[in-house]
Protein chains: 2
Amino acid sequence: MQSTDEWSCGVSKVMDIFSGKWKLNILWTIYNEDGIRFNQLKQEITGITNIMLTRSLETLISEDFVSKKRLGSKPPFRSEYYLTAKGKSLLPLMHSLNDWGKINL
Amino acid sequence: MQSTDEWSCGVSKVMDIFSGKWKLNILWTIYNEDGIRFNQLKQEITGITNIMLTRSLETLISEDFVSKKRLGSKPPFRSEYYLTAKGKSLLPLMHSLNDWGKINL
DNA sequence: CAGCATCCACGGAGATACTG
DNA sequence: CAGTATCTCCGTGGATGCTG
């Protein structure tokens with residue numbers, strides 16, 4: 001048996017992961033192109049600005065869904081973003097969301 | 001092949017369904033007790049207030065995830081809340097979220 | 001019992017401009 | 001190229017009190 005409290009508690013936390021306008025989209029974009037760079041991410045995610053991308057990436061990195069590799073020691077800099085194992089574990093969930101949307105929207 | 005645009009579009013809409021602090025919790029509570037009444041809903045969902053419950057239910061009804069049956073023509077009133085077919089279609093998704101949470105949190 | 005009306009606080013989202 | 005620094009706006013969430 002599954003109590004309502006157990007449930008709501010866990011799912012609220014899962015929903016927090018996806019909260020924010022861009023995080024899920026960023027995750028998906030990195031998944032499609034592992035090692036993607038900052039500016040390319042910005043191009044692929046329509047409408048996102050520098051700050052929003054920076055903030056969202058910070059959050060995702062701090063939550064250990066995304067990892068960052070900084071290349072070069074002086075400008076112009078380059079950074080690459082990857083999904084962590086934890087980030088990849090979200091993929092089935094994202095596909096579930098996508099599938100539901102296709103059927104029901 | 002699945003384009004990023006197709007994907008992000010659909011999933012953003014799915015996420016909108018769950019946006020808001022209480023909606024998912026309400027959906028789940030109604031699922032566990034079909035035909036539940038307003039005050040009982042309030043008791044089971046820890047911390048929710050009258051207005052938030054009212055507003056969330058309004059939204060869920062307008063989106064056709066929940067239906068409402070009003071009983072009695074004069075006070076004291078009674079109302080019962082049910083999941084619609086569309087509401088029930090969310091259940092696999094909610095279970096997916098729950099499962100991921102159990103494994104990864 | 002099952003709500004509605006009002007008012008308010010806070011934080012996410014964004015515009016704009018600057019920098020190592 | 002890959003960010004950072006400010007400032008502003010607005011929507012969500014909530015406290016409180018009233019009502020058919």
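Note that the coordinates shown come from a computational prediction; the quantities given were computed from them, not determined experimentally. Chain A is the first sequence line, chain B the second, and so forth, proteins listed ahead of strands; every chain is numbered from 1.
Annotation: of the two residues near DNA chain D, A:Q40 and B:G20, the 5′-most nearest-nucleotide partner is A:Q40.
Residue B:W22 places at least one side-chain N or O closer than 4.0 Å to OP1 or OP2 of D:dG14. Here A:K68 does not reach the OP1 or OP2 of D:dA2: none of its side-chain N or O atoms lies under 4.0 Å away. Side-chain nitrogen and oxygen atoms of A:N50 include none within less than 4.0 Å of the OP1 or OP2 phosphate oxygen of D:dG3.
In the displayed structure, B:K13 atom NZ is contacted under 6.0 Å by at most 12 heavy atoms of other residues, nucleotides or ligands.
Put simply, CZ on A:R37 is 10 Å from P on D:dG3, counting in whole angstrom units. Atom pair A:M52:CE and D:dC9:P shows a separation of 18 Å (rounding to whole Å applied). One interatomic measurement links the two molecules: CZ of A:R55 to P of D:dT4, which rounds to 11 Å at whole-angstrom precision. When rounded to the nearest whole Å, the span between OH of A:Y81 and P of D:dC1 equals 14 Å. One interatomic measurement links the two molecules: NZ of A:K69 to P of D:dA2, which rounds to 14 Å at whole-angstrom precision. Rounded to whole angstrom, the span from the CD atom of B:E58 across to the P atom of D:dG13 amounts to 14 Å. When rounded to the nearest whole Å, the span between CD1 of A:I51 and P of D:dC7 equals 15 Å.
The shortest heavy-atom contact between B:E63 and B:K86 is O-NZ, 3.2 Å. When every heavy atom of A:L83 is checked against every heavy atom of A:D34, the shortest pair comes out as N-OD1, 3.5 Å. What you find for B:K68 and B:S79 is that their closest heavy atoms are CE-OG, 3.8 Å. Residues A:L97 and B:V14 come closest through the heavy atom pair O-CG2, 3.5 Å.
DNA chain D is contacted by A:P76, A:F77, A:R78, A:S79 of residues 70-79 of chain A, taking any non-hydrogen atom closer than 4.0 Å.
Remark: the B:K42 side chain and the B:N50 side chain contain an N/O donor-acceptor pair separated by less than 3.5 Å.
We find the CD1-CD1 distance between B:I36 and B:I30 to be 7.0 Å, quoted to the nearest 0.5 Å.
Heavy atoms of B:T49 sit under 4.0 angstrom from primed sugar atoms or phosphate atoms, though from no base atom.
Below 30°, between 30° and 60°, or above 60°: for A:Y81 and A:F38 the angle between ring planes is between 30° and 60°, a tilted geometry. Aromatic ring pairs are classed by plane angle as parallel below 30°, tilted from 30° to 60° and perpendicular above 60°; the pair A:F65 and B:W100 is tilted.
The footprint of chain B on DNA chain C, defined by a heavy-atom cutoff below 4.0 Å, extends from C:dC1 to C:dT6.
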